[in-house]
2 protein chains.
Amino acid sequence: MAAARTIAETEGWSAVTVRRLAAAIGYSQPVLYQHFPRGRPEIIAAVARSGFAQLEELVAGADDPDALAQTARAYLAFAREHAGLYTAMFEMPSLNRFASAQTPPELRRGFDALVAVLGRGPGADTRAELFWSMLHGVAVLERDGRLPAAQREERIAEIARLFS
Amino acid sequence: MAAARTIAETEGWSAVTVRRLAAAIGYSQPVLYQHFPRGRPEIIAAVARSGFAQLEELVAGADDPDALAQTARAYLAFAREHAGLYTAMFEMPSLNRFASAQTPPELRRGFDALVAVLGRGPGADTRAELFWSMLHGVAVLERDGRLPAAQREERIAEIARLFS
DNA sequence: CAGACGAATCTAGCGTTGCTAGGCTGAGGG
DNA sequence: CCCTCAGCCTAGCAACGCTAGATTCGTCTG
């Protein structure tokens, strides 16, 4: 998993081949299929789950008065600094199931932390979902060069203003 | 391109192989490489460009008093009903360049239409970018089952409220 | 201590992928 | 009548995900 994460971060997920992983850890391919019977997709899903746990800590760590902006900043920094990991978590066809009994607890907790930042009241869940969607949209569009990198702080401020 | 779009829409982009496209149009593989020298990525990029044009018309068609909600609804419906196309446009490693001289004019026009919906004033560009990011985030998270489909209309209303 | 067992690992190979080198074919011009 | 050239095809390469079957080696039993 560490090898997969490293290769994905530096060369993208298409460079993460089973052969290459096997070589990286000094074993042959079939050994990987014993630890991950579903093969490559399962390896990717495992890496993604480890990312959810990491992201959750980050989001939950915002206790500032200006929690909204700080959460947004932390989320976007995470997506930018762990682009490969973020891709596996949110953009690749994943074995991880969401909104079901098999949903990894790491993800559920991450969303709960987001809800807490936005406060209670009617429609709080919808607002939290939209806050998350907003961050996700900005994260991927920024990464793909579809939003100008220069106005990054300005965007964060405007996001906080919209949701406050 | 039509064959690629059809296969992608029904079976996903992974089913769009050069061999299969060749068979679908009744030619051999090398013929495809003469029309699209960069191979499969160029075919996908071409399909994506055709999607930008289509999306632009859709977004520009909102002239209601409640333009925000209507634009959001139209955008999300497009993403939902042409999921394969939308993926090629915004989520696949693309040959299309953005924010540069080679940016396809279709995309630029689509964004301008979005700016128009949000009105002028200071920070209008940032607000338009965020509106687009919001829609994109909701589109992909809804599609992946990460947002409950039931509250779709509620989300649209809240988005319009946030940006009004 | 000999032999059987089972886990761990390997080699080798299947079918499919994107892509390309090189040859064939047939219409048009000198 | 032959040459050229555009258009197309067959055949093949390297790399992919994945798997069947053989091999090795420590441990446990008689």
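So that the names make sense, note that chain A is the first sequence line, chain B the second, and so on, each numbered from 1. All heavy atoms count here, side chains included; hydrogens, waters and symmetry mates do not.
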What is the distance, rounded to the nearest whole Å, between atom CZ of A/Arg20 and atom P of D/dC18?
17 Å
Out of C/dA21, C/dG18, D/dG17, whichever nucleotide has its closest atom nearest the side chain of A/Val18:
D/dG17
In whole angstrom, what separates A/Tyr27's OH from C/dT11's C1'?
17 Å
Give the rounded distance in Å between these two atoms: CD of A/Gln29 and P of C/dA12.
14 Å
Of the options C/dT17, C/dA21, D/dG17, whose atoms approach the side-chain atoms of B/Arg19 most closely?
C/dT17
Rounded to whole angstroms, how far apart are CG on B/Leu32 and P on D/dT10?
14 Å
Atom pair distance, as rounded to whole Å: CD1 in A/Ile7 and P in D/dC16
11 Å
Nearest whole angstrom, please: distance from the C1' of D/dT19 to the CZ of A/Arg38.
17 Å
Show, in sequence, the C-alpha distance, side-chain angles and deciding distance for B/Arg161 and B/Glu158, and conclude whether the salt bridge (Lys or Arg N to Asp or Glu O under 4.0 Å) test is met.
CA-CA 5 Å; B/Arg161 208 185 61 72; B/Glu158 183 67 16; 3.1 Å; yes
Say whether B/Glu154 and A/Thr126, considering side chains only, have a donor N or O and an acceptor N or O under 3.5 Å apart.
yes
Under 6.0 Å between ring centres, would you say that holds for A/Phe131 and A/Phe111?
no
Atom CZ of B/Arg40 and atom P of C/dT20: how far apart are they, to the nearest Å?
15 Å
Taking the side chain as every heavy atom from C-beta outward, state whether A/Gln29 and A/Leu32 have any pair of such atoms under 4.5 Å apart.
no
Classify the nucleic acid contact of A/Pro37 as base, sugar-phosphate or nothing, counting any heavy atom under 4.0 Å across all strands shown.
nothing
Round to a whole Å and report the spacing from CD1 of A/Ile44 to C1' of D/dC16.
13 Å
The side chain of A/Ser28 lies closest to which of these nucleotides: C/dT9, C/dT17, D/dG17?
C/dT9
